[in-house]
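As C-alpha cells, the structure follows; a few thoughts come after it.
Residue numbers begin at 1 in each chain, while the letters A, B, ... track the order of the sequences.
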There are 2 protein chains.
Amino acid sequence: MKKIIILYGLSLAALLFLMQWLQFGFIIRDMSLEFYLGVVAVVFTAVGVWAGLRLTNSKTKIILKTHFNFNEAEYTRLGISKRELEVLHLMAQGFSNQEIADKLFISLNTIKTHSANLFLKLEVKRRTQAVQRSKELMLIP
Amino acid sequence: MKKIIILYGLSLAALLFLMQWLQFGFIIRDMSLEFYLGVVAVVFTAVGVWAGLRLTNSKTKIILKTHFNFNEAEYTRLGISKRELEVLHLMAQGFSNQEIADKLFISLNTIKTHSANLFLKLEVKRRTQAVQRSKELMLIP
DNA sequence: CAAACAATCATACTTTTGGGTGATGGATAA
DNA sequence: TTATCCATCACCCAAAAGTATGATTGTTTG
C-alpha cells in the first residue's frame, strides 16, 4: 500500500521534471495549454485507475470473505423478527428444529411456528431454500 | 458502465472549458504551469480511482461468484460419485427429494439412497449440514 | 473372469419437517 | 385503553426426510 503512494508521488515528480525539461525544448510552445492538460488528465486517470485497483484488489477479496454487511433494509422490509432471525441462523448452521429448541430453551412447537413464519416471509417452502434465500438477501453470512 | 465513460468525457470537457474561462481571468498568470498540471494530475487521479472502482466493483464480485474452483482432492478423497454430486447440487438448490427424482428421471428411493450415502461420506446427519459442509469443502459453489 | 463398485429400485419403518388452527401473556403503539 | 405485534406453546395431521436392508444390472479393474 505504501509502495503505491510512493510510486504515485514519483509519478507526480516525474511529471514536474518532464515539464521543466520541456521548457528548454521547442515543443512546449507549439501546442496549446489545453492539450497538455488533457494529456496529463488522461495519463493520471490511468494512474488513478491502476492505483485504485492495486489498493482495493486485495482488500476487496478479504472484505467479501470476512466482512459481512447485514442487509437491514431487507430485514425490515420482510418484517422478520429478532427471534426469527435467531432461528434462521441456527437453521443455516444445519441444526434440527429440536436442536434449535434446546439451544434457545423453548419448545419444539415454538420453533415450528417461527420457521413457518420465516418461510412465509421469505416466500419459500423448505428450510434449505430459506437458508439459500436469506444468504442471497444478506440476512445471514 | 457507459455512464462512467460519459461522465469521464464530461469531466475532461469541463476541464477544457474551465481553462478557456480562466484565460480571460487574472489567476492564470499568477501561478506556474507546473502548479496547474499538478492540480489536474491529482484531480484526475481521483477521478481515475473512482471510475476504476466503479467499473470493476461489480465485475470483481461476479468473478468471485462465478469463478468456483472445484475441490477435486476432497471429492476423490471422500469417494463421492458423479451421481451423488449431482444430487448434492440439486439438494443445495433447495429441491426436495421428490423434485430431484423428477429432474433426474429416477425414483424417489434412489435419491434417498444417494443422499444417505452422501451423508455418510460427508459425515453429516441432515441435508442442511450436507450443503453447508460441501460448500466449505468447495464441492459446490 | 471374479471382485468391486456405481446406479438403480423396493419395502418397511422412524424421525423430522411443515401446515393449519387456536390460545395466552406481555410489550408497544395508535 | 384498545389494538397490534411478538413470543410462546399445544394439538393434529400430512408430507418429506432419513434409516436399514436387500436386490438387480452394468461397468470397470485387478
Proximal nucleotide (of [options]) relative to the [X] side chain:
X	options	result
B:Ser81	D:dA7, C:dG19, C:dA7	C:dA7
B:Asn97	C:dA6, D:dT8, D:dA17	D:dA17
B:Lys112	D:dA7, C:dT17, D:dG18	D:dG18
A:Arg83	D:dA17, D:dA7, C:dT8	D:dA7
A:Ser96	C:dT17, D:dA16, C:dC9	C:dT17

Let me know the distance between [atom1] of [X] and [atom2] of [N], rounded to the nearest Å.
X	N	atom1	atom2	value
A:Arg127	D:dG18	CZ	P	10 Å
A:Leu85	D:dC5	CG	P	20 Å
A:Ile111	D:dC9	CD1	C1'	11 Å
A:Ile100	D:dA7	CD1	C1'	16 Å
A:Asn117	C:dG19	CG	P	11 Å
A:Leu108	D:dA10	CG	P	9 Å
A:Glu99	D:dG18	CD	P	13 Å
B:Ile80	C:dA7	CD1	C1'	16 Å

Under 4.0 Å from OP1 or OP2 of [N]: is there any side-chain N or O of [X] that close?
X	N	answer
A:His114	D:dT8	yes
B:Arg126	D:dG18	no
B:Ser107	C:dA10	yes

Q: Indicate, with a heavy-atom threshold strictly under 4.0 Å, whether B:Thr110 touches base, sugar-phosphate, or nothing.
A: base
Q: Could you tell me whether A:Asn109 contacts a base, only the sugar-phosphate backbone, or nothing, with contacts defined as non-hydrogen atoms closer than 4.0 Å?
A: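 If one applies the 4.0 Å heavy-atom cut-off, A:Asn109 turns out to touch a base.
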Q. If you pin A:Gln98 and B:Lys121 to their nearest nucleotides in DNA chain C, which one's is more 5'?
A.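 Nearest-nucleotide comparison on DNA chain C picks B:Lys121.
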Q. Do the side chains of A:Arg127 and A:Asn97 get nearer than 4.5 Å, heavy atoms only?
A.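 Answer yes - side chains close enough.
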Q. Would you say the side chain of B:Ile111 lies within less than 4.5 Å of the side chain of B:Phe95, judging by non-hydrogen atoms?
A.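 They are not in contact (no side-chain heavy atoms under 4.5 Å apart), so the answer is no.
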[atom1]/[X] to [atom2]/[Y] distance, rounded to the nearest 0.5 angstrom?
X	Y	atom1	atom2	result
A:Gln129	A:Glu123	CD	CD	11.5 Å
A:Lys82	A:Tyr75	NZ	OH	7.0 Å
B:Leu118	B:Arg133	CG	CZ	12.5 Å

(Q) Regarding D:dC9, can its base be found pairing with the side chain of A:Thr113 as donor and acceptor, where the two atoms are less than 3.5 Å apart? (A) yes
Q.
Both B:Val124 and A:Lys82 contact DNA chain D. Taking the nearest nucleotide for each, which residue is further toward the 5' end?
A. A:Lys82
Q) Taking A:Leu139 as the fixed residue, which of A:His89, A:Glu72, A:Glu74 is the one that meets the side chain to side chain contact (heavy atoms under 4.5 Å, CB included) rule? A)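 Only one of A:His89, A:Glu72, A:Glu74 forms a side chain to side chain contact (heavy atoms under 4.5 Å, CB included) with A:Leu139, namely A:Glu74.
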